[in-house]
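Everything below concerns the one structure shown next.
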Amino acid sequence: MSGKGYTITMAVLTVILLSLYVLRAVLGSYYRNRLAACVQGCDPEAYEAIAQKKLAGLLVPPFNLHYMRLNLNMMLEKEKETDQEFDFLLAMSTGKAMRREVVRKAYYYYVKRRDGKRCRLLLDELLTFAQGEEAKECELLYDIYILKKSSHIRELMEGIEELPPAQRAVNEYLISLQYENQSKTDLAREYEELSRRHIKEVVERE
């Protein structure tokens, strides 16, 4: 092949490869956007119809497919399906950032479900990378939700009136849970109502 012919052939191959790359990127974005719309619309049937397409499987990374399905199942409060997606994602080999994102999400989800076994393992991993206030918060939630302790009331009460409404509502709810742990029903109800009041205040301001 002459030098000119080789140059033309390489130019054609370059254009073809570039076109395939652009097509792959465009189609991948198209499927991701459609799947995201199904999640936002809480439409599991439409999500699965798209996710099961061969092109979607080829163009959308498995992590993205399962992570979006996880969010959809959580929104629909499907515990069994949510467990399956968390199990899949936690067993998957991923980058450090994605792994930490899944571990955090799983911990906050299971601590609210009071799943002590799962939370213990997740907390142990969380504490290998969480620092400062994040680590403190994770341990506090484990104490209150899983160990049913009530030793953080004074800590959460300190300066509560000066806190922004959103943070105040969180503190009040955690105080309510601790009074519940002590079987002090009236105080638990009082702080739960305060929490709801401040959450409503935040929503009305938006």
Within a strict 4.5 Å, meaning less than it, do heavy atoms of the [X] and [Y] side chains meet?
X	Y	answer
R168	E201	no
Q182	I153	yes
K184	Y191	no
Y173	H198	no
K80	Q84	yes
R69	E48	yes
K117	Y110	no
E139	L127	yes

With rounding to the nearest 0.5 angstrom, report the [atom1] to [atom2] distance, [X] to [Y].
X	Y	atom1	atom2	value
L177	D143	CG	CG	12.5 Å
F86	Y107	CZ	OH	13.5 Å
K53	L59	NZ	CG	12.5 Å
I144	I175	CD1	CD1	9.0 Å
R197	K200	CZ	NZ	10.0 Å
I160	N171	CD1	CG	5.0 Å

Quick one: do [X] and [Y] end up in the same hydrophobic cluster if we chain Ile, Leu, Val, Met, Phe, Trp and Tyr together by side-chain heavy atoms under 4.5 Å apart?
X	Y	result
L90	M74	yes
Y108	L76	no
L70	L65	no
L35	M98	no
Y145	L140	yes

I'd like to know if [X] and [Y] make a salt bridge, using a cut-off of under 4.0 Å between side-chain N and carboxylate O.
X	Y	result
E155	K136	yes
R99	E125	yes
R196	E192	yes

Worked check of side-chain contact (heavy atoms from CB on, under 4.5 Å) between D87 and R118: CA-CA 11 Å; D87 288 343; R118 286 181 185 263; 3.1 Å; yes
For the residue pair [X] and [Y], what are the closest heavy atoms and their distance?
X	Y	result
D124	R120	OD1-NH2, 2.7 Å
L163	Q167	CD1-CG, 4.0 Å
N64	V60	CB-CG1, 3.8 Å
C38	I50	SG-CD1, 3.8 Å
C138	L126	SG-CD1, 3.7 Å
P44	L72	CA-CD2, 3.6 Å

State whether a side-chain donor-acceptor pair under 3.5 Å links [X] with [Y].
X	Y	answer
Y109	D83	no
E101	Y67	yes
R34	Y30	yes

Heavy atoms of other groups near R114 CZ, more than 12 under 6.0 Å: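 Atom CZ in R114 is crowded, with more than 12 foreign heavy atoms closer than 6.0 Å.
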